[in-house]
Every structure is written in C-alpha cells, then in structure tokens.
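The block underneath contains the structure these notes are about, expressed in structure tokens.
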Amino acid sequence: MKDKTSVTEILQEIDKMSTNKEQEDHITKEFLILDCHSRLIGIQIEYLREVFELKDDNAISPIPFTPSYILGIIHIRGEIIPVLSLSEILKIEEKEFSLLKLVVIENQFKIAFPVKNILDMKAIKVKEIRAIRDISTKAEEQFISDEFDYNGKQISVMDIQKFYLSNYIL
Amino acid sequence: MIKEIDVLLLDINNKHIGCKLDEVEKVISDISGISGNTDVILPRNKGVYRLGDLLKIQGMVTYSSVLLLENELKKPVIIAIPAITDIVKLKTSKILAVPEYLRKKQDPFFVWGFFMNKNDITMLITFAYLTNAKVKDGYHEL
C-alpha cells in the first residue's frame, strides 16, 4: 500500500515537473529594442521609465568637468536627469547621424541615453535568450552577457544592474 | 521667509548660465571691439579666463565684458564673458539641485544648481575653485 502511494507520488511529481517545464517555456521577459549607432541593444522594460523625442542637440545641457561619457543633463518636468553616452560606455563606433530619441531608465536613480531610434518593445521567451557568442570589446563584456534574435538580427541585452554597479555610476 | 539671491545671467551659444552676483567684485561691460580676443586689454599673466573655455563650450564666443573676482590673496581673477543678458532676483526655493551622481562626478565642483528662466534651463555656476573660496561639502553656500 505504501509502495503504491509512493509510485503515485512519483508520477504526480513527474507530472508536476512536466507542467513546470511547459510553464517555463512560456515565461517571457520584455525588452525595449533600440538602435544606437547601428548596434541593436535590448533593455529590460522593468528599468524603462520614459522615451522622448529629442527636439535638437541643444536640449542636452553639457556639464563641464565631468567625464566624457556624461553628455550633460536634461530637464524633464522639474527633474534634472543626467544624460550618458551609450556608445562611449559600450565602445560602439559612432556613425554620422543624429541621436533623435532619449531613453530614460531607472535603477537607483534616473539616467538617460540618447539613441538613434526605438525599434520595438518585445516579449522574448526566456528559453530564446542565450549567452552572447561574440563579445567584441572589453566594455561590452562588462555589461552585455546575453543576446536574442529579432527579425533575423542579434540583439545584445544590456545588464542594467551590472551597469549601475560599475565605475560609470559609482 | 524665502531667501532671494541676485543672479547675473549670460548666454553662451544658446546655453544659459547664471552666477551669484555677490561672487563678483566688479563687472566691466562693453570691452568693445575685442571679439573673441581678450589679449588686447587683459594680459594673460593676470589670470584671465574665458568663460566659454571654462564651460568647454564649443564654437566662437564673442567676449564683450569681464567679471573681476578676488581670490584669498586679494589678487584679481578676471573672467571674460559675453554681454550680460540680465540680472534677476531668484528665490532659493526655485533652485533645482544638482543630482548626487553629478556632484560626485564633477571635479572641480562648478555647476551647483539649475533654475528655469522663461522656459529655459539655466545652469548656476560658481567660480569658487578659481578663487580658492571654500565650497562646503561640495554644496554652494547660499
């Protein structure tokens, strides 16, 4: 009798594990996919606060005596938000075009990145996110560990938590 | 009672700058004809700074006035500036603080606050680091 119960329990356990696996297959993470100098970056939606159109370059006021990756500040509804260069942080080669949108993210505090364009907001199944295969620079290695495919293109996932713990912030 | 400070306003290449008037010993306006060049009347060995250079603002700046500041040794520090746009009374409650992150990253401490003036964000700057005046704990004393 005891053995029969055990077998039932084991079968139930197997069934539960199978259900969990099916559920896991459906777990997704949402990303904002952005274009920064033709490099496609994914930022998890949980860190995203706002996206703005940049009217002109003058909207960002430069702050003297700060490191070069700090482009300046922007004033949004009574709040002063530091604007940082994503291309300099990730050592992405800068191309000749304007960065037209501003992405505001928040972990411990708000910061903003100017980008060329926002491509999409997409839920990606966790099982489709993989460890990055080719890390081209040391800077990327620091903040980009995962990637996923989107419309035949590779999207590098920026690890915002790691970024907020880096020397760029601390 | 809300405290007010007098702020001298300047525009440099469409950037709006303000500095506390009581930091300035004297303002000499209209050093006319000295576009982009202060050498003629202000020899470099007298500690002449151009505000555009200090703010790392790119592009041509027309200097038409100077500010005279005094350092701890009572020697003048001269700042070449564009024409003064205005002098306004600013309620300290209207000043937006510099985010803590920028306080840490800014060295020397130059921009100490912001305020909105006619829909434009204006940076409040201090010359304290040029004159060796003290800025308490990175905060400008009002």
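Naming: A, B, ... by sequence-line order, numbering from 1 per chain. Worth knowing before you read on, the calculation uses all heavy atoms, side chains too, and leaves out hydrogens, waters and symmetry mates.
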- Is Lys20(B) paired with Asp6(B) through a side-chain N to carboxylate O contact shorter than 4.0 Å?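 Salt bridge flag = no for Lys20(B) with Asp6(B).
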- Between Glu30(A) and Lys122(A), is there a salt bridge with N-O shorter than 4.0 Å?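 Looking at Lys122(A) and Glu30(A), the cut-off is not met.
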- Task: Compute the ring centroids of Tyr49(B) and Phe127(B), then answer whether they are less than 6.0 Å apart.
- Result: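 Not close enough - the centres of the two rings lie 6.0 Å or further apart.
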- Task: Examine whether an atom of Lys104(B) lies under 4.5 Å from a heavy atom of chain A, and if so say whether it belongs to the side chain, the backbone or both; otherwise answer neither.
- Result: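 It is the side chain, since no backbone atom gets that close.
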- Item | Toward chain A, the part of Leu96(B) with a non-hydrogen atom under 4.5 Å |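 Leu96(B) touches chain A through side-chain heavy atoms alone.
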- Heavy-atom pairs under 4.5 Å with chain B, option from Ile74(A), Ile111(A), Leu170(A) with the top count: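 The answer is Leu170(A).
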- Message: What part of Ile80(A) gets within 4.5 angstrom of chain B, counting heavy atoms only: side chain, backbone, both, or neither?
- Response: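 Both backbone and side chain.
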- Query: Where the side chain of Arg49(A) meets the backbone of Glu46(A), is there a donor-acceptor pair that is under 3.5 Å apart?
  - Reply: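 Present.
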